[in-house]
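Convention: sequence-line order gives letters A, B, ...; per-chain numbering from 1.
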Amino acid sequence: MTEPVFCVKDLSISFKLNGKWCQATQNVNFDLMENETLCIVGESGCGKSITAMSCLGLLPKKKNIHIEGQVLYKGVNLLDLTEKELNDYRGDDLSMIFQEPMTSLNPVLTVGEQITESLLVHKSMTKAQARETGIELLNKVKIPEAEKRFSQYPHQFSGGMRQRVMIAIALACKPTVLFADEPTTALDVTIQAQVLHLLKELRRETKMSMVMITHDMGVVASVADKVLVMYGGQVIENSSCKDLFEAPNHPYTKALLNAIPRPDRHIDHLTSIPGQVPTLAGMPSGCRFSTRCELVSDQCAMTPDVNTVAGQQSHHYRCWNV
Amino acid sequence: MQTQDEIILDVKKINKTFHSKKGFINPEVLKVRAVNDVSFQVKKGEVFGIVGESGCGKSTIGKCIMDLIPIDDGEMTFKGKNLRNLSKEDRAQVKQDLQIIFQDPYSSLNPRKRIGPTLMEPLLVYKIAKDKEMAEEIVQDIFKEVGLPEQAFWKFPHEFSGGQRQRIAIARSLILNPDLIVADEAVSALDVSIQAQILLLLKNLKQQRDLSYIFISHDMGVIRYFCDRVAVAYLGQIVEIQSVPDIFERPAHPYTKTLKEASPVPSYDPDRTFNVLEGELPSPSNLPSGCYFHGRCPKATEHCTKVMPDLMPYKDGMVRCHHPE
């Protein structure tokens, strides 16, 4: 078996809120192979964005944040590195696309300056070379009139085009792993289809791996090879994309799939999940889904072990009662 | 049933153009036709959907109906009364019978006022409740109906989760016992599990109270689950109106088809391809000639680039296209 490119081991993140430690994620594990897309899916507050941010060392090193576990890239634990050492990886081998393209682009710099920044820093290109590569990138993400657009400012672009500019920035140095945090959530469906299509094409071309964070099961089904389903900071199910949609195991995954109104078929009855997503301060002990689960039993007061589905090596879930 | 066909709201050829200035020294006035010749009818007891992407004017249509944005011309008739020309008494009645739920309930609730008193206010203004005690009783009954705890009465908006705040917004829209509710992206900001709860609640309320809805959304899945008939909006125009089964099984307008095919489906399909539209969305202040969709349409001909198609009866609905399917 080949080695994974990127690896997260037992990642637990806690925040100190009002003098009390609250665990935002608990023992998150995943491996990412070359040219593979992993989707982390879950509702708000499940810890999916925090996981991605800690992978790039974006969480501030402060006394009220405690991070345990390992984030391994090429055998190096990124959590041990200083800010300066991390900058050698960020934007080069590892890069990230954020949800809101308007707030993550700098409004006072031209799009071109922002695309070429990482090329000048990491690849020691001359300005002329960087400009050429930058225009090439804009063409690649299908921005019309790339040469003219190169020297324009972000406000002159539409939402979908801004997100494509973000992708161009993230891909400038040909990263090995791309982290995409809800890259299409703020976009319209036809634009979303464009962006997902583009990401898929680029991935085929460059062989990069991708970690995509999303709350939309439809997006997961369109792009993922592997899926982590998170709830309340725990990975409650992880499997291949096919197994997750065809044979979901955890009661939460099942309930979630039944709660989605579908554009492709008529449904008479939508099943809702009672209650609310737990807050960071009010996390139930043991199984975190227990307060909303219909299969709940006494055992659920303890954190369930990770079980493997019989006959499906890479399909795991965390539940006592399946 | 005869009551099924009773028309509660009739919108005829309404228009709204916004003017904005661009530039400082020699400002250039930009005209944005947000609502362009829009007509539709809502039947009693029906959920009428309006679907479209951002900037298509769907929210503006909702606000025009509520008289939150004055229309330039056109006619709107609600329960037989002309909304543009109401007597004082009629206006008070219409204000009670027509209600709206917004997407973000947090910004539509007064953060410094407790929930109970916020909801009691219209009861006292319209003198439906004789005194505060009676108003409180009505509010508590509605809380029960929408699944809010009794204690919610004395809490502030920030003390609630997103789903509960949306329940408050629904409670507020129900308080005057309306006939028609405009729900503007009412479930779009919610997590899937909460979204399902709110959709079920709205569906129950509709049955119990014999309500009609105008349901504005960008999500084709939600539209398919919740609506009876739907209008598809594109750049301020309605391009298709059909029943929900027809619009999803046999979309007539190429844009409707694209919209449906671009909506991600939550099931595994290794052969899935993305239906990607060529071209960019035109700017609403600088619309193309002919059919607004021709630049992105796979079926466009030269005729489409010159002549704007009319919204014409087609099968059981209406479509605005020279080459409907």
Side-chain angles (χ1 to χ4, degrees), chain A residues 42-46 142-144 158-161 184 186-198 200 215-224 240-246 252 255-277 279 292, chain B residues 51-56 147 160-164 187 189-201 203 217-227 234 244-245 248-249 255 258-270 272-283 296:
Chain A
E43 297 181 287
S44 38
C46 72
K142 310 218 167 68
I143 303 270
S158 70
M161 277 159 92
T184 58
L187 306 176
D188 282 319
V189 278
T190 56
I191 312 293
Q192 166 169 287
Q194 277 179 6
V195 170
L196 292 178
H197 178 73
L198 176 71
K200 212 168 189 171
H215 69 279
D216 186 333
M217 279 291 189
V219 172
V220 174
S222 330
V223 299
S240 69
C241 184
K242 183 172 187 285
D243 290 339
L244 189 88
F245 286 99
E246 289 177 0
Y252 174 65
L256 197 60
L257 287 172
N258 285 328
I260 307 171
R262 304 178 63 110
D264 61 327
R265 67 173 88 120
H266 173 76
I267 19 178
D268 273 330
H269 192 72
L270 209 59
T271 336
S272 71
I273 308 175
Q276 297 157 31
V277 181
T279 58
R292 304 173 76 189
Chain B
V51 69
E53 299 182 287
S54 35
C56 73
F160 295 91
S161 68
Q164 275 182 317
V187 297
L190 305 173
D191 276 318
V192 177
S193 68
I194 310 296
Q195 171 178 294
Q197 290 175 6
I198 300 293
L199 284 173
L200 289 174
L201 172 68
K203 212 163 203 178
S217 177
H218 68 280
D219 186 325
M220 290 294 265
V222 175
I223 290 280
R224 182 163 203 173
Y225 169 72
F226 196 68
C227 299
Y234 184 73
V244 161
F248 283 91
E249 297 301 331
Y255 178 64
T258 317
L259 208 54
K260 187 203 158 196
E261 284 170 5
S263 304
V265 175
S267 53
Y268 180 71
D269 176 6
R272 181 168 302 145
T273 49
F274 296 100
N275 186 338
V276 177
L277 279 182
E278 293 297 322
E280 303 288 333
L281 184 74
S283 152
R296 304 169 83 195

Toward chain B, the part of [X] with a non-hydrogen atom under 4.5 Å:
{"X": "A:K142", "value": "backbone"}
{"X": "A:D216", "value": "side chain"}
{"X": "A:T271", "value": "backbone"}

Checking [X] against chain A: side chain, backbone, both or neither under 4.5 Å from a heavy atom?
{"X": "B:Q195", "result": "side chain"}
{"X": "B:I198", "result": "neither"}
{"X": "B:L200", "result": "side chain"}
{"X": "B:Q164", "result": "side chain"}

note = Looking only at B:S267, B:S263, B:G147, the option with the highest number of non-hydrogen pairs under 4.5 Å against chain A is B:S267
message = Between B:R296, B:M220, B:Q197, who has the most heavy-atom pairs with chain A when the cutoff is under 4.5 Å?
response = B:Q197
message = What verdict does the side chain to side chain contact (heavy atoms under 4.5 Å, CB included) test give for A:T190 and B:E53, after you've listed the backbone C-alpha separation in whole Å, the side-chain angles of each residue and the deciding distance to 0.1 Å?
response = CA-CA 8 Å; A:T190 56; B:E53 299 182 287; 2.5 Å; yes
Quick one: closest heavy-atom pair of [X] and [Y], and the distance?
{"X": "A:Q276", "Y": "B:S161", "result": "OE1-OG, 3.3 Å"}
{"X": "A:P263", "Y": "B:V265", "result": "CG-CG2, 4.3 Å"}
{"X": "B:Y268", "Y": "A:F245", "result": "N-CB, 3.7 Å"}
{"X": "B:P264", "Y": "A:Q192", "result": "CG-NE2, 3.1 Å"}
{"X": "A:I273", "Y": "B:S193", "result": "CD1-CB, 3.5 Å"}
{"X": "A:D268", "Y": "B:Y225", "result": "O-CE1, 4.0 Å"}

Steps toward side chain to side chain contact (heavy atoms under 4.5 Å, CB included) verdict (A:V189, B:H218) = CA-CA 8 Å; A:V189 278; B:H218 68 280; 5.6 Å; no
request  = Say whether, by atom type as modelled, one donor and one acceptor occur between the side chain of A:Q194 and the main chain of B:L277 under 3.5 angstrom.
outcome  =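 Such a contact is found between A:Q194 side chain and B:L277 backbone.
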Donor-acceptor pair, side chain of B:R224 and main chain of A:P261, under 3.5 angstrom = no
ask   = Above 12 or not: heavy atoms from other molecules or residues under 6.0 Å from NZ of A:K242?
value =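 Open: at most 12 neighbouring heavy atoms sit under 6.0 Å from NZ of A:K242.
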key: Listed partners of B:T258 passing side chain to side chain donor-acceptor pair (under 3.5 Å), at least two apart   =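 Side chain to side chain donor-acceptor pair (under 3.5 Å) list for B:T258, sorted by chain: empty.
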